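If you scroll down you'll find the structure; I have some questions about it.
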Number of protein chains: 2
Amino acid sequence: MADARVTSPNPGNPADARVDGSDLITDIEFLVARVRALGSRAANGALAPLGLRVRQYAVLSLACGSISPTQRDLAEFLELDPSQVVAVIDDLQASGLVERTQDPRDRRVNIVQATPHGRSVYAEARVAIAAAREQSLHKLTTEERATLTELLLRVAF
Amino acid sequence: MADARVTSPNPGNPADARVDGSDLITDIEFLVARVRALGSRAANGALAPLGLRVRQYAVLSLACGSISPTQRDLAEFLELDPSQVVAVIDDLQASGLVERTQDPRDRRVNIVQATPHGRSVYAEARVAIAAAREQSLHKLTTEERATLTELLLRVAF
DNA sequence: TATTGTTATACTCTATAACTATA
DNA sequence: TATAGTTATAGAGTATAACAATA
């Protein structure tokens, strides 16, 4: 480890000042957890008027894609247990945003697709999410956001 | 948005292939959530033999620092509700890893400090966490890790 | 009157195991 | 025998509100 003693980026904050000096502040996992906590709180707030949460948003997004994922695909891609996917899709289906269709070639698998109403809600949700993201990432330039995306992508898959 | 249609970084994975084409894959919040899910799962696994979870590890880390944070400081820094901090510290105190000491200047506040045993356990935990981190970040060079840390730090605070 | 820590409650997320229907 | 989806359950994480002690 290069440098365990780091200055807080926000010395005006008394809470930051008091915990300054901990090596936690250079711990990528801690930083990721903190950014996730802030980000998903903001995203859930932005999605609340649409009756969605981030999980539902993620599944709806994939169901709006051109690929028509199975429930298993969704579980793997979203790092969820298949049983959790069931609950999210039950929820989205009850709201009329997605549909399950049995794959005729293998009747065990369900293909998940967005309804027209689902696509319309997703379009609104994207706008809401983008606004929240702009708020969260306002300190980063466009280039820095691209770099961050690229690095996270390499770690994520 | 520059380019919503992106190729999966891992075309060999059938799940990735099927959901490929979704704009979710360029969504920083989604990537952060996925990296966090993978990272905290790995970290919790690495900490399990020590009887810790990531939350307890974070509080213990700060309690081992030179600053002696109050419970309020911990809540703000870790983005936890003060009532959640109570539960984590109860847990760590029951294991003899940290102690609460009343601030003589303001008897409402508790200062949280690691015990000698807590410092010893923390030293072991750091090693375990570092090994898990090496696994999670093996695709990134040292320079890239530093860049990722710096960018996350700017978003986190 | 405001703040620190605390208790209580409810809801969401996560992890696991067992079951069914298909293959 | 193995896989996709489902049900059930328990434990951890998250969000709120109310309270006692202290300032």
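Every value quoted in this text rests on a predicted model; they were computed, and no experiment measured them. So that the names make sense, note that chain A is the first sequence line, chain B the second, and so on, each numbered from 1.
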* Side chains of B/Q71 and B/R100, donor plus acceptor under 3.5 Å ->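 Side-chain D/A pair, B/Q71 to B/R100: present.
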* Asked: Side chains of A/R119 and A/L97: closer than 4.5 Å at any heavy-atom pair?
  ->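 No, side chains not in contact.
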* **d(CG, B/N44; P, C/dA15) in whole Å** =>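 My rounded result for the distance is 8 Å.
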* Give the rounded distance in Å between these two atoms: CD of B/Q56 and C1' of D/dG11. =>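 One finds 13 Å between C1' of D/dG11 and CD of B/Q56, rounded.
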* **Atom-to-atom span, CD of A/E76 to C1' of D/dT3 - whole angstrom** =>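 From A/E76 CD to D/dT3 C1': 12 Å.
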* **Along DNA chain D (nearest heavy atom to each residue), the more 5'-positioned of B/E79 and A/Q71** =>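 The 5'-side residue here is A/Q71.
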* Asked: Is B/L74 close to B/L80 at the side-chain level, that is, under 4.5 Å between some pair of heavy atoms?
  ->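 No - every pair of side-chain heavy atoms lies 4.5 Å or more apart.
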* Would you kindly give the CG-to-P distance between B/D90 and D/dA12, to the nearest whole Å? =>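 Interatomic distance, CG of B/D90 to P of D/dA12: 14 Å.
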* Is the distance between the ring centroids of A/Y57 and B/F30 under 6.0 Å? ->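 Aromatic pair excluded; centres sit 6.0 Å or further apart.
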* **A/L78 CG to C/dT14 C1', straight-line distance once rounded to whole Å** =>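 Going from A/L78 (CG) to C/dT14 (C1'), I get 14 Å.
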* Asked: Does A/R100 put a side-chain nitrogen or oxygen below 4.0 Å from OP1 or OP2 of D/dG5?
  ->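 Checking A/R100 against D/dG5: no side-chain N or O falls below 4.0 Å of OP1 or OP2.
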* **Polar side chain donor-acceptor pair, A/T26 to A/D23, under 3.5 angstrom** =>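 No, A/D23 and A/T26 have no side-chain donor paired with an acceptor closer than 3.5 Å.
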* To do: Among the candidates D/dA4, C/dG5, D/dA15, find the nucleotide nearest to the side-chain atoms of B/V86.
  =>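 Comparing D/dA4, C/dG5, D/dA15 against the side chain of B/V86, the answer is C/dG5.
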* A/L80 CG to D/dT6 P: how many Å, rounded? ->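 Distance check: A/L80 CG to D/dT6 P gives 14 Å.
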* Does D/dA2 have OP1 or OP2 sitting under 4.0 Å from an N or O in the side chain of A/R72? ->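 A/R72 to D/dA2 OP1/OP2: no side-chain N or O under 4.0 Å.
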* Asked: What is the distance, rounded to the nearest whole Å, between atom CD1 of A/I111 and atom C1' of C/dT22?
  ->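 Answer to the nearest Å: 15 Å.
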* Would you give a per-nucleotide map of nucleotides 16-23 of chain D, 5' to 3', where B means the base has a protein non-hydrogen atom under 4.0 Å away, S means only the sugar-phosphate does, and - means neither? => B----BBS
* Which one, D/dT14, D/dG5, C/dA15, comes nearest to the side chain of B/R41? ->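 For the B/R41 side chain, the nearest candidate turns out to be C/dA15.
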* With sequence neighbours left out, which residue pairs that include part of residues 148-157 of chain A fulfil the side chain to side chain donor-acceptor pair (under 3.5 Å) condition? ->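 Side chain to side chain donor-acceptor pair (under 3.5 Å) check on residues 148-157 of chain A returns A/E150-A/R154, A/R154-B/E144.
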* N/O (side chain, B/N110) to phosphate O (OP1/OP2, C/dT6) under 4.0 Å ->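 So the side-chain polar atoms of B/N110 do come within 4.0 Å of the phosphate oxygens OP1 or OP2 of C/dT6, strictly under.
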* To do: Examine C/dT14: is either OP1 or OP2 under 4.0 Å from a nitrogen or oxygen in the side chain of A/R55? Give yes or no.
  =>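 Answer yes for this pair, as a side-chain N or O of A/R55 is under 4.0 Å from OP1 or OP2.
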* Spacing of B/Q84 atom CD relative to C/dG5 atom P, expressed in whole Å ->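 It is 15 Å, rounded to the nearest whole Å.
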* Asked: B/P82 has a side chain; which of C/dT6, C/dT4, C/dC13 sits nearest to it?
  ->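 Among C/dT6, C/dT4, C/dC13, the one nearest the side chain of B/P82 is C/dT6.
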* Between B/R53 and D/dG13, is there a side-chain N or O to OP1/OP2 distance below 4.0 Å? ->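 For D/dG13, OP1/OP2 do have a side-chain N/O of B/R53 under 4.0 Å.
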* To do: May I ask you to check whether A/T115 and A/E99 show a side-chain donor-acceptor distance below 3.5 Å?
  =>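 No, because no side-chain N or O of A/T115 sits under 3.5 Å from a partner of the opposite role on A/E99.
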